[in-house]
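Report on the following structure.
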Amino acid sequence: MKFATKALHAGVEPDPTTGAIMTPIYQTSTFVQASPGNHKGYAYARGKNPTRNQLEKNIAALENAKHGLCFSSGMGATDAVIKLLRPGDEVITGDDLYGGTYRMFTKVFANYGIKFHFINLTDVNNISKYINEKTKLIWVETPTNPTMQVVDISACSVIAKKHGCVLAVDNTFASPYLQNPIDMGADIVMHSVTKYLGGHSDVIMGALCMNDDKLHEQLAFIHNSCGATPGPMDSFLVLRGIKTLHLRMERHCFNGRKIAEFLKSHPKVDKVYWPGFAEHPNHEIAKKQMRDFGGMISFDIKSKSKEDAFKIASSVKVFSLAESLGGVESLVNHPATMTHASVPADERARVGVTDSLLRLSVGVEDIDDLLEDLKQALG
Ligand SMILES: *Cc1c(COP(=O)(O)O)cnc(C)c1O
């Protein structure tokens, strides 16, 4: 099945009792048993819920994976992956991560004796300096948030396999429409479903996809034991959102390209971070592993002034100033004080997250209105 057909139909069955074409919202915590243990596969809704099940099958199909697990947030999904580890284990990850991921690694799991190496993964050769027999996980985000670094997933997978460690890829920015890490050898794909998959800024959710049965069994055990599982109403909303994922992504990419080009030619704009530009440091890798370049763009302004950046962020009218991304509406964000405030200033400076950097999540509005809005805001 092709992507668009899978988005609508994969994993989704009409309701067996009524024929309802839309997956019912099984708003129940428990399921009646005929005699102890004699049930229809559902016992208690933390472990398994029919609405969530259909969504898990659907997301797994979009990632060409055998198994899917949905979590009550993206962070809940990441948390489950790190719980595969033991004290003394080491993780190699990127130096430009989603702020919440960096916070969880450094402020939560570092206290449990897990060591994290934050390195520049845009050149995978850097991994060899840090990998050893204690390395159990390589955690990759690509493209990265907010500087749109691109990491070669296939090359990471070769290294992970050689050293017997798990490769997990945070695929939130690309969405399964643009990139399928499992096809490139990743063991686990993580999503903040909150973003493009949900797509309508109305749900917080996360997901993990994997092929390996044993890995699925371990993660499903953590999923049920630790309990970061989403409710059926949210699962329904995401199933509904995914039915237009391919249509939304097409427009996100179209609008994203126009805005990236506009910003690049604007006299007040300094640097534009977007993997679709030929001069992007890993453009060739982006071309190889992504189907298009998406609607996430960051840019720095020539004045380098935080006040000027704040002025732009507060004078937009069609864009809204807000955290998050991947919804139908266009958003602007000031990473240094919003999404990446939990990353120390020197770490931020090292990867280009300056006080004058702005990040755009380009939505699916009419491109003329978006361009007009940025024109007036930049002044
Ligand atoms: C938002 C986000 C997360 C965290 O997901 P939540 O659903 O907010 O918990 C993780 N990674 C990336 C790249 C994100 O953008």
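For ligands, and for the atoms within them, numbers begin at 1 and follow the listed sequence.
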Polar contacts were defined as any N/O atom of the residue lying under 3.5 Å from an N/O atom of the ligand; does this apply to [X] and ligand 1?
{"X": "Thr101", "result": "no"}
{"X": "Phe173", "result": "no"}
{"X": "Leu325", "result": "no"}
{"X": "Glu141", "result": "no"}

Exercise. For the residue pair His283 and Phe277, is the inter-centroid distance of their aromatic rings smaller than 6.0 Å?
Worked result: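 No, the ring of His283 stays outside the 6.0 Å limit from the ring of Phe277, centre to centre.
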Problem set entry | Centroid-centroid distance, Tyr102 to Phe118, less than 6.0 Å |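 For Tyr102 and Phe118, the ring centres are under 6.0 Å apart.
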Is the backbone N or O of [Y] less than 3.5 Å from a side-chain atom of [X], with the two atoms forming a donor-acceptor pair by type?
{"X": "Thr122", "Y": "Gln149", "result": "no"}
{"X": "Asn38", "Y": "Gln33", "result": "no"}
{"X": "Thr101", "Y": "Leu97", "result": "no"}

For this session: Flag yes if more than 12 heavy atoms outside Arg240 fall under 6.0 Å of its CZ atom; otherwise flag no.
Result: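 Not more than 12 within 6.0 Å, no.
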Exercise. With a 4.0 Å cut-off, would you call Arg52 and Glu56 a salt bridge?
Worked result: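 Looking at Glu56 together with Arg52, the answer is yes, because their closest N to O distance falls below 4.0 Å.
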Could you check [atom] against the protein and tell me its nearest heavy-atom contact, residue, atom and distance included?
{"atom": "atom 5 (O) of ligand 1", "answer": "Ser192 OG, 3.0 Å"}
{"atom": "atom 7 (O) of ligand 1", "answer": "Thr194 OG1, 2.6 Å"}
{"atom": "atom 15 (O) of ligand 1", "answer": "Lys195 NZ, 2.8 Å"}
{"atom": "atom 6 (P) of ligand 1", "answer": "Gly74 N, 3.3 Å"}
{"atom": "atom 12 (C) of ligand 1", "answer": "Asp170 OD2, 3.4 Å"}
{"atom": "atom 10 (C) of ligand 1", "answer": "Tyr98 CD2, 3.5 Å"}

For this session: Examine the proximity of ligand 1 to Met205 and report which part, side chain or backbone, both or neither, has a heavy atom under 4.0 Å away.
Result: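 It is the backbone that gets close, since no side chain atom is under 4.0 Å.
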For this session: Check the pair Asn126 / Asn120 against side-chain hydrogen bond (donor to acceptor under 3.5 Å, both in side chains), numbers first and verdict last.
Result: CA-CA 7 Å; Asn126 292 334; Asn120 182 343; 4.6 Å; no
